[in-house]
Amino acid sequence: MSTTAELLKGAAELFPGEVVTQAHVRHFDLPLGAGRFALITLDNGHDHTKPTTLGPQSLANIDAAIGQVEKEAADGDIVGVGVTGKPFIFAVGADLKGVELLKRHEDALAIGKGGHDVLKRLANLAVPSFAYYNGASMGGGVEIGLHCTYRTVSAALPAFSLPEVFLGLVPGWGGCTLLPNLIGADKAVSVIIENSLNQNKQLKGEQVYELGIADAIFEGADFLEQSLIWTASVLKGEIAVERPAIDRGEAWDQAVARGRFIADSKVHGAAPAAYRALDIIAAAKNGDLQQGFDAEDQALADLIMGGELRSGIYAFNLVQKRGKRPAGAPDKSLARPVTKVGVVGAGLMASQLALLFLRRLEVPVVLTDIDQERVDKGVGYVHAEIDKLLGKGRVNQDKANRLKALVTGVLDKAEGFADADFIIEAVFEEMGVKQKVFAEVEAVAPAHAILATNTSSLSVSEMASKLKHPERVVGFHFFNPVAILPLLEIVRGEQTDDAALATAFGVAKKLKKTAVLVKDAPAFVVNRILTRFMGEIQNVIDEGTPVEVAEKAVEPLGLPMSPLVLLELVGPAIGLHVSETLNRSFPERFTVSPNLKAVVEAGKRGFYVYDSGKPELDPEVAALLKQGDTVLTEEQVRDRVLDAVAQEIGLMLAEGVVAEAQDIDLCLITGAGWPFHLGGITPYLDREGVSERVNGKRFLEPGVASVPA
């Protein structure tokens, strides 16, 4: 048994749940008389929706297949070797289910070394090797192709990425070393660092080709056939693949510096993965591949045993699994069909909702408002957004016309809602206004219609309390911008029935939103936690801590933006309104900042101005601030903020606002953009000892988002 096989056999014992990928070898004569060819196909079963992943046993199977063709190549029996995947999927990388079970550094190191040993054999074949990226290709799947001599890509390929940094790892089977040596450091930084930290941005087939990762691109319908014809031409010398020279001078160093700037702006030094990847890219400048592979092995092992990676896998599983099977959702068979949607309001939020319902459900959508000008503006917004989609090629002319015809606006609710199945209000955030709207809607809507509210903080139960049928009212809280943030907080009022709730979850799924069931509690989940978080920042500023100290204190969390920049995005007036709502419910914990109130009353849109190109405290805001004389250090501010958040989450779980801590994290990741390397928030609070300091216990069991004991 080879050393690699022994290594992988030992590692396989640590991956009991691995979905094993097979590597089938078949032989045939290439077109154009190019000679005998071996094709390795990666396949983990007949279910073409199930992604092909790479664990130790899968690598061992690939190793055995390469061993077979290696001998044939050495004996002169074949002229080349190709690697492709099953229909629509090439391979999507390492088996994360096994990675999170690893307890020892040496086991993690074995995974890295095993992967390198297998793929290096592919690179060292006596004949040229070809990767045919026929479908989704991520992580280790991409790296299989990077070890080949040539690569082709399908124009229909939907997703291609090296997402490891997003999860808290580095591309550890050659990605950090081979990619910059193939396409240059700057493009490699874009793929490995920038795209990963930009919410795991995926590349399409055309982009893979334009970057120079693939040498040729073919249409999806006959991709493999065309790739093999191209392969034959390459092997016969009829096509010469030319790649631009790599700039190994100052441009390489500038690319790495750009990567560090991106990492600093995204994670502020709080997560190590991006920086470890950049160190390897920087060292790859000398072209020493083995040195790079060794560095990848070490970085991979170190990061696998670190908290950020465990939190990243935890977050990934939340989004991919819990987010698709919401805890507490009722039997979906109770859901009612939705063939027409009504939207009360035609402002920006209501118009965004109308557009979303229109695009995802493709049913008639009708908006209402208090005057024709507002109605026309709302419908006009939807039409303009559809025109943008048409201009980008996202829809064709026929579909654009059909969608536009489906959206209308009326002043008379009776005319618009008499046959609507799902009606959502997005009007001013004031209880009396919303109760009045619902009373008007109930009077004209059919008996089966679901009445939904997009309230961000008000009681759904109170909103429904004056209706004849409060059981059909449900909270349906979206996050802005509606088209981007996936979270949908579905709120069950005191009298909401299962049919209304099931319909809400059914609609959420069609809208492609991540739905979380939430108790009817003040500000629900995201706004309650963010308001407590922001409230403590505002409190320490009010008490005397300089604004820049308070802001910098939470940088180690690696949040996507600072607290006061977030406040500017939300809008100070909305932030003030939510804090006032929560202050009425929990005056002992939620304060109303007099300085924030002064900023709102002065009509300021935020604390900062950007005249210099970076945020600086607005002199007019500085003049408004009235501060005490208690000045805290960054560490003191951070402890105080984290303690407040840990306390609030503990209370929310005790109140049953959500089923488990996992739902808190899912909400923060998908509704507030909190980074994967935090796992939301509770793994970080556990890891830093804050949970036990404040609540006397961890939020998550050891081994959940952490290294198993």
Side-chain angles (χ1 to χ4, degrees), residues 138-139 142-143 146 159-204 206-214 243-289 291-293 295-296 298-300 302-303 308 312 551-552 555-562 565 610 612-616 673 675-677:
M138 301 173 198
V142 169
E143 289 169 309
L146 293 179
F160 183 104
S161 66
L162 289 170
E164 287 84 355
V165 166
F166 178 65
L167 297 172
L169 282 174
V170 299
W173 289 340
C176 287
T177 303
L178 294 174
L179 191 62
N181 278 289
L182 175 66
I183 63 174
D186 195 61
K187 291 178 180 178
V189 163
S190 294
V191 175
I192 295 170
I193 306 298
E194 188 171 19
N195 288 358
S196 289
L197 294 180
N198 187 18
Q199 292 298 306
N200 193 21
K201 179 183 176 181
Q202 300 293 312
L203 299 171
K204 304 292 187 184
E206 185 71 33
Q207 295 168 303
V208 174
Y209 174 65
E210 289 173 353
L211 283 167
I213 299 172
R243 299 181 182 129
I246 301 300
D247 188 336
R248 298 183 185 278
E250 187 179 347
W252 194 291
D253 300 330
Q254 290 173 344
V256 173
R258 182 175 76 88
R260 296 193 191 283
F261 176 81
I262 293 168
D264 287 343
S265 66
K266 292 289 187 177
V267 301
H268 310 286
Y275 302 97
R276 294 295 293 268
L278 286 164
D279 288 344
I280 300 169
I281 294 171
K285 180 180 178 181
N286 64 13
D288 186 335
L289 300 186
Q291 179 186 21
F293 295 162
E296 288 175 352
Q298 195 60 51
L300 201 63
D302 292 346
L303 293 167
E308 288 80 10
E551 287 267 83
K552 197 172 181 183
E555 279 189 359
L557 275 72
L559 299 177
M561 61 189 73
S562 73
V565 172
Y610 297 86
S612 66
K614 60 181 181 179
E616 294 179 343
F676 264 46
H677 74 263

(Q) Any donor-acceptor pair under 3.5 Å linking the side-chain atoms of Glu194 with those of Asn198? (A) no
Q | Backbone of Val170 reached by a side-chain donor or acceptor of Arg276 within 3.5 Å | A | no
Q: Ignoring hydrogens and angles, tell me if any N or O in the side chain of Asn181 forms a donor-acceptor pair with the backbone of Thr177 under 3.5 Å.
A: yes
Q | Side-chain (Glu616) to main-chain (Tyr610) donor-acceptor, under 3.5 angstrom | A | no
Q | Nearest non-hydrogen partners of Asn200 and Pro163, listed with the distance | A | OD1-CB, 3.1 Å
Q) Is there a donor-acceptor contact under 3.5 Å from the side chain of Trp252 to the main chain of Pro180? A) no
Q | Spacing of Asp186 atom CG and Ile281 atom CD1 [to the nearest 0.5 Å] | A | 10.5 Å
Q) For the residue pair Cys176 and Ile280, what are the closest heavy atoms and their distance? A) CB-CG2, 3.6 Å
Q: Could you walk me through whether Gln202 and Asn195 pass the side chain to side chain donor-acceptor pair (under 3.5 Å) test, one step at a time?
A: CA-CA 7 Å; Gln202 300 293 312; Asn195 288 358; over 6 Å; no
Q. Considering all heavy atoms of both residues, which atom of Leu197 and which atom of Ala274 are nearest to each other, and what is their separation?
A. CD1-CB, 4.3 Å
Q | Heavy-atom side-chain proximity of Leu559 to Pro675 below 4.5 angstrom | A | yes
Q) So, do His677 and Val267 sit near enough that their side-chain heavy atoms are less than 4.5 Å apart? A) yes
Q.
If only side-chain N and O atoms count, and only distance matters, is there a donor-acceptor pair under 3.5 Å linking Ser196 with Glu164?
A. no
(Q) Using only atom types and a distance under 3.5 Å, with no angle test, would you say the side chain of Glu308 pairs donor to acceptor with the backbone of Gly168? (A) no
Q: Rounded to the nearest 0.5 Å, what's the gap from CD on Glu210 to CD1 on Ile183? Could you check?
A: 12.5 Å
Q: May I have the step-by-step check of side chain to side chain contact (heavy atoms under 4.5 Å, CB included) for Asp279 and Arg260, ending in yes or no?
A: CA-CA 10 Å; Asp279 288 344; Arg260 296 193 191 283; 2.8 Å; yes
Q | Lys201, NZ: over 12 other non-hydrogen atoms inside 6.0 angstrom | A | no
**Q.** Working for side chain to side chain contact (heavy atoms under 4.5 Å, CB included), residues Arg258 and Ile262
**A.** CA-CA 6 Å; Arg258 182 175 76 88; Ile262 293 168; 3.6 Å; yes
Q: Go through the steps to decide whether Asp264 and Tyr275 satisfy the test side chain to side chain contact (heavy atoms under 4.5 Å, CB included), and finish with yes or no.
A: CA-CA 9 Å; Asp264 287 343; Tyr275 302 97; 2.6 Å; yes
Q: Mind running side chain to side chain contact (heavy atoms under 4.5 Å, CB included) on Leu178 and Leu182 for me, showing each step along the way?
A: CA-CA 6 Å; Leu178 294 174; Leu182 175 66; 6.0 Å; no
Q.
So does Gly175 get a backbone contact from the side chain of Glu143, meaning a donor-acceptor N/O pair under 3.5 Å?
A. yes
Q: Please confirm whether the backbone N or O of Ala295 pairs with a side-chain atom of Gln298, one donor and one acceptor, at under 3.5 Å?
A: no
(Q) I'd like to check the ring pair (Phe, Tyr, Trp, His ring centres under 6.0 Å) partners of Phe166; sequence neighbours left out, ordered by chain and number. (A) Phe676
Q) Would you call Lys285-Asp247 a salt bridge at under 4.0 Å N-O? A) no
Q.
I need the Leu278 CG to Ile192 CD1 distance, nearest 0.5 Å.
A. 8.5 Å
Q. Taking atom CG of Leu179 and atom CG of Leu211, what is their separation to the nearest 0.5 Å?
A. 8.5 Å
